[in-house]
Amino acid sequence: MVSPGALLAAIDGVGADRRRGGFSRHVFDDAERQLREWFVEQAERRGLQVTTDRNANIWAWWGEPGDDAVVTGSHLDSVPGGGAFDGPLGVVSALSAVDLLQERGFRPRRPLAVVVFAEEEGGRFGVPCLGSRLLAGTIDADRARALRDPSGVTFAEAMSAAGADPSRVGRDEEALRRIGQFVELHVEQGRGLIDLDRPVAVASSILSHGRWRFRFSGQGNHAGATLLADRRDPMLPAAELVVAARRAAGSVADGRATVGRLVPTPGGTNVIASTVDVWLDARSPQDADTRSMVADLTGAARELAAAEGCEVEVVEESYGDTVHFDPAFRDRLSGLLDGAPVLATGAGHDAGILAAEVPTAMLFVRNPTGISHAPEEHAEDDDCTEGAHALARVLEHLDH
């Protein structure tokens with residue numbers, strides 16, 4: 001078996017971000033395309049048959065592609081300045097699990113596939129889990145084609161430049177029919193396992209979560225020549241919204257609200273902004289609480305904007321209800337893995353999108369820092385190897 005750690009080391013230089021630290025790997029950019037090519041080469045080295053579906057997701061098949069397959073995998077893209085494990089660990093662990101099974105002489109009775117989903121983080125086009133959302137039809141194909149990256153390039157244009165056909169994106173009944181069961185391994189994004197002193201866990205649920213863009217519009221002007229009384233500065237309500245989001249999350253049980261991105265236009269140091277875009281990420285265990293939190297913040301944003309003589313437009317860019325993974329499937333895997341603990345997660349995943357369509361489960365590998373979406377994200381080599389062994393046991397078990 002080639003260990004997950006060795007496979008991660010092989011791609012360590014791809015997409016390294018010198019400015020932010022960590023890695024920036026976004027769908028169809030040079031780094032992500034290098035990783036796609038690397039995955040195809042690794043899959044073919046193991047005798048797997050590689051195809052790419054119409055939504056830019058890559059499938060590596062052990063045996064002939066077919067219905068009712070056992071499928072595992074994750075993603076290769078990252079958030080801006082992300083860690084080395086979020087996404088790639090699930091992909092390399094799947095390859096390592098195939099190694100283990102092949103070394104044991106295992107031959108699957110059912111089709112078995114490793115999948116790499118496109119644009120899971122939404123780091124380029126703003127919608128998370130875009131590849132799996134398109135596959136499942138939970139995002140309109142026309143809307144997806146029209147999504148723009150920060151440079152103004154549309155998803156359709158980026159797809160075409162990568163040699164894919166954007167006219168074919170959308171719900172893929174054939175691909176969905178082929179998934180009998182899906183299991184995604186992922187680095188833990190939290191510190192539940194380090195506190196439990198266990199290397200591997202099984203997921204129970206994913207918090208409801210979404211992204212909203214607040215665009216505050218005012219009047220661009222000169223920073224020195226414009227009196228305070230004459231200003232319509234959209235940065236003020238934008239800044240106040242950041243503070244309001246933190247307070248709103250604190251009023252909801254286990255709520256989370258984050259502003260991680262704020263873009264003023266035109267963005268000059270000595271210029272009063274004409275518009276300020278603020279992206280809100282809101283989450284909680286209860287769908288109603290998440291919606292209520294965003295509704296309250298939308299009302300607050302309108303009041304804050306009006307007080308400064310500005311306007312605000314609010315657009316929902318993505319949303320997902322709370323996901324509860326199938327309890328019987330979850331408990332079956334926990335028992336198979338020597339009573340692995342069952343943990344909820346606040347992070348979204350492709351498995352959460354697929355859960356409404358097919359039996360789905362997740363495995364988590366211990367993260368001793370508890371940090372994710374940052375360069376300090378980590379998992380020890382021994383724990384990664386333990387995760388690959390656990391995944392191999394699951395795949396072999398599900399084949400029967």
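Just so you know, these numbers use all the heavy atoms, side chains as well, and skip hydrogens, waters and symmetry mates. Computed from a prediction, not measured in an experiment: that's the story for all the values here.
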Residues H397 and R332: side-chain donor-acceptor under 3.5 angstrom: yes
Short side-chain donor-acceptor distance under 3.5 Å, E377 and S372: yes
Partners passing side-chain hydrogen bond (donor to acceptor under 3.5 Å, both in side chains) against N55 (at least two apart in sequence or in another chain): none
Sole candidate of L134, T138, L135, L176 that passes side chain to side chain contact (heavy atoms under 4.5 Å, CB included) when paired with R171: L176
Among Q189, R198, E188, the one residue meeting side chain to side chain contact (heavy atoms under 4.5 Å, CB included) with F364: E188
I'd like to know whether L147 forms a side-chain contact (heavy atoms from CB on, under 4.5 Å) with L130, so could you lay out the CA-CA distance, the side-chain angles of the two residues, the decisive distance to 0.1 Å, and finally the verdict. CA-CA 11 Å; L147 292 170; L130 184 57; 4.1 Å; yes
Does a donor on one side chain and an acceptor on the other come within less than 3.5 Å for W279 and E317? yes
Is the number of heavy atoms from other residues, nucleotides or ligands under 6.0 Å of R20 CZ greater than 12? yes
Check: S3 main-chain N/O paired with T385 side-chain donor or acceptor under 3.5 Å: no
So, T275 and S217: side-chain donor and acceptor under 3.5 Å apart, yes or no? no
Only one of D289, T290, D254 passes side chain to side chain donor-acceptor pair (under 3.5 Å) with S284; say which it is. T290
Is a donor from one side chain sitting under 3.5 angstrom from an acceptor on the other, for D287 and T322? yes
L395, L333: one ILVMFWY side-chain cluster at the under-4.5 Å cut-off? yes
Would you call E173 and R177 a salt bridge, taking side-chain N to carboxylate O under 4.0 Å as the test? no
How about CZ on R246, more than 12 heavy atoms from neighbouring residues, nucleotides or ligands closer than 6.0 Å, or not? no
Between E316 and W212 (side chain of the first, backbone of the second, donor and acceptor by atom type, cut-off under 3.5 Å), is there such a pair? no
Neighbour count >12 (heavy atoms, 6.0 Å) for atom CD, E308: yes
Name all pairs fulfilling the side chain to side chain donor-acceptor pair (under 3.5 Å) condition that reach into residues 148-168, sequence neighbours left out, sorted by first residue then second. R124-D149, T154-E157, D165-S167
Taking R232 for its side chain and G309 for its backbone only, find out whether a donor-acceptor pair lies under 3.5 Å. yes
